[in-house]
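First up is the structure itself, then whatever we jot down about it.
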Amino acid sequence: MFALLSFSGDALLGCHRSYRSRPTHGIGRFKYLLPKEVPKRKKEKVQMKEISEGTEYQYGDINIQMTSYDVCLVEHFAQYVHRLCNRLSIRVNESYAMPTKTNEVLFLEERGSKMQLDAVLTTHQRVVQIRGLSSTFAPILLEIIQSNQPEGVHLLMKQHTEADFKSRLKSRPELEELLAEMS
Amino acid sequence: MGKKVKVAGVELKDKISSLIYYFPCRAQPKKKKKVDVKKEQAQKERMKKKLKKLEKAAPELIPIEDFITPLKYSESSRMRSLPALSPQESERRVLLLKKWCLFKQKQDEAEKKAIKGLVESQQEALRELRLESEELYQAAVRRDEGLFPFQRDGPTYTPPLPGYDPPEGKCIDITKVYTQ
């Protein structure tokens with residue numbers, strides 16, 4: 001008799017769990033009524049992105065580094081360069097700031113051997129990283145950027161390397177010590 | 001009365017202490033080599049564990065001081081009270097702003113036009129070169145390895161003074177070093 005029951009009816013009825021066919025099935029469900037919760041984003045680990053070498057007709061990752069003593073000038077110039085690259089449909093990988101360097105300038109007094117503090121200068125650097133610059137367009141881009149270079153802002157364009165990325169990270173003396181000891 | 005001991009066919013002297021002369025032994029028994037090796041292994045394992053733990057921690061970026069507002073500027077005690085502007089003054093300012101916007105727009109359009117012109121002339125030159133010789137065209141389209149790294153100092157307001165004698169001095173780097 002039980003075998004007859006299992007073969008008659010649809011799959012739900014045929015299932016050995018008889019309560020799934022009852023009208024009260026799923027009576028306690030409410031989670032489908034609540035708004036969807038966005039899963040918490042874990043802190044993204046700082047990882048180096050792949051450095052592309054580029055082909056014969058395209059340059060790989062290039063860093064446009066702008067250095068100056070004046071923060072406003074360098075910031076605005078970096079923004080200008082970024083917007084220019086967007087407008088010329090050049091892919092911008094990253095646009096970041098390098099850590100600020102502080103220098104104390106001392107000068108020797110005219111009469112005397114004591115060094116006097118003249119000024120405390122802060123050097124700021126901004127980097128715009130681009131990829132896939134075509135070889136024919138590169139000189140034009142260089143020309144535009146140079147013609148718009150503000151006063152006192154030093155421009156440097158070079159290929160992106162791992163060392164450049166590592167210079168942004170904090171130094172870990174303990175790890176280095178342990179590695180030196182191990183080897 | 002000392003004993004006479006005959007050891008290894010050699011007659012020893014009277015004192016028993018002379019035995020030490022022939023059989024040098026330590027006050028403490030020497031530590032077995034096995035214990036040493038175990039200790040070393042344990043030490044190595046501890047170091048490896050420490051290394052793993054340190055390596056697990058992801059590297060952090062150095063915080064940029066430019067983006068951190070110093071606390072003294074967030075004190076609300078310093079507030080500047082600006083004087084009220086007369087309608088003529090505000091009118092003048094708005095009109096000046098509009099003139100400046102127009103000027104900048106013209107400048108930007110001129111720049112875009114210049115870029116377009118440059119690109120077009122370059123493309124035409126390449127097309128002509130291609131018609132002339134395929135070899136030269138291929139060589140021209142290749143990327144220039146000597147282009148990067150490229151450096152240029154920004155222009156200065158005034159040229160350097162001739163015959164300027166700067167005072168002697170030095171520069172000390174006092175950047176804060178962050179360690180993880």
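The analysis underlying the following values was restricted to heavy atoms, covering all of them including side chains, and did not include hydrogens, waters or symmetry mates. Chain letters run A, B, ... following the sequence lines, proteins first, then strands; residues in each count from 1.
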*Toward chain B, the part of A/Ile62 with a non-hydrogen atom under 4.5 Å*: side chain

*Can you tell me if B/Gln41 and B/Lys38 form a side-chain donor-acceptor pair at under 3.5 Å?*
no

*Where does A/Gln58 contact chain B at under 4.5 Å (heavy atoms): side chain, backbone, both or neither?*
backbone

*Measuring heavy-atom distances to chain A, does B/Lys176 have an atom under 4.5 Å in its side chain, in its backbone, in both, or in neither?*
neither

*So which part of A/Pro150 gets closer than 4.5 Å to some heavy atom of chain B, the side chain, the backbone, both or neither?*
backbone

*Whether over 12 other heavy atoms sit under 6.0 Å from B/Glu132 CD*: no

*Is it the side chain or the backbone of A/Met66 that comes within 4.5 Å of chain B heavy atoms, both, or neither?*
neither

*asked:* With a 4.5 angstrom heavy-atom cut-off, is it the side chain or the backbone of A/Leu84 that approaches chain B, or both, or neither?
replied: side chain

*Please check if atom CZ in B/Arg152 has more than 12 non-hydrogen atoms from other residues, nucleotides or ligands closer than 6.0 Å.*
yes

*For the candidates B/Ile64, B/Asp66, B/Leu126, B/Val119, which exhibits the highest count of non-hydrogen atom pairs separated by less than 4.5 Å from chain A?*
B/Asp66

*Where on B/Glu168 is there a heavy atom nearer than 4.5 Å to chain A: the side chain, the backbone, both, or neither?*
both

*Flag yes if more than 12 heavy atoms outside A/Tyr69 fall under 6.0 Å of its OH atom; otherwise flag no.*
no

*asked:* With a sphere of 6.0 Å drawn around CD of A/Gln79, does it hold more than 12 non-hydrogen atoms of other residues, nucleotides or ligands?
replied: yes

_Contacting region of A/Asp118 [heavy-atom separation from chain B under 4.5 Å]_ = neither

_Out of B/Lys44, B/Lys48, B/Glu111, return the one with the most heavy atom pairs under 4.5 angstrom to chain A._
B/Glu111

*Contact leader toward chain B among A/Lys101, A/Gln146, A/Met98, where contacts are heavy-atom pairs under 4.5 Å*: A/Gln146

*Would you mind telling me which of A/Leu141, A/Val105, A/Thr67, A/Leu175 has the largest number of heavy-atom pairs within less than 4.5 Å of chain B?*
A/Leu175

_No-hydrogen, no-angle side-chain donor-acceptor test under 3.5 Å, A/Gln125 and A/Tyr96_ = no

*asked:* Less than 4.5 Å to any heavy atom of chain B: does that hold for the side chain of A/Thr122, its backbone, both, or neither?
replied: neither

*Highest number of heavy-atom pairs under 4.5 Å with chain B: which of A/Lys170, A/Lys158, A/His124, A/Arg87?*
A/Lys170

*Among B/Pro166, B/Pro155, B/Ala114, B/Ala57, which has the most heavy-atom pairs under 4.5 Å with chain A?*
B/Pro155

_A quick test of your reading: do over 12 heavy atoms of other residues, nucleotides or ligands sit less than 6.0 Å from CZ of B/Phe67?_
yes

*Within 6.0 Å of CD in B/Glu40, more than 12 heavy atoms from elsewhere*: no

*Where does A/Leu88 contact chain B at under 4.5 Å (heavy atoms): side chain, backbone, both or neither?*
side chain

_Checking side-chain polar atoms at under 3.5 Å, does B/Asp173 have a donor or acceptor matched by the opposite partner on B/Thr175?_
yes

*Checking heavy atoms, do the side chain of B/Glu55, its backbone, both or neither come under 4.5 Å from chain A?*
both

*asked:* Please classify the contact of B/Leu147 with chain A as side chain, backbone, both or neither, using a heavy-atom distance under 4.5 Å.
replied: side chain

*Inspect the surroundings of CD1 in A/Ile27 and state if more than 12 heavy atoms from other residues, nucleotides or ligands are less than 6.0 Å away.*
no

_If you define the side chain from C-beta out and look only at heavy atoms, does anything of B/Glu109 sit under 4.5 Å from B/Gln105?_
yes

*Among A/Gln65, A/Glu143, A/Arg126, single out the residue with the greatest number of heavy-atom pairs under 4.5 Å to chain B.*
A/Arg126

*At a heavy-atom separation under 4.5 Å, does A/Leu169 approach chain B through its side chain, its backbone, both, or neither?*
both

*Does CG in B/Leu71 sit with more than 12 non-hydrogen atoms of other residues, nucleotides or ligands closer than 6.0 Å?*
no

*Who among B/Glu60, B/Glu65, B/Arg143, B/Met47 has the most heavy-atom pairs with chain A under 4.5 Å?*
B/Arg143

*Region of A/Ile140 that comes under 4.5 Å of a non-hydrogen atom in chain B*: side chain

*I would like to know whether A/Asp164 and A/Ser167 meet side chain to side chain donor-acceptor pair (under 3.5 Å); could you show each step before the answer?*
CA-CA 5 Å; A/Asp164 289 324; A/Ser167 65; 5.2 Å; no

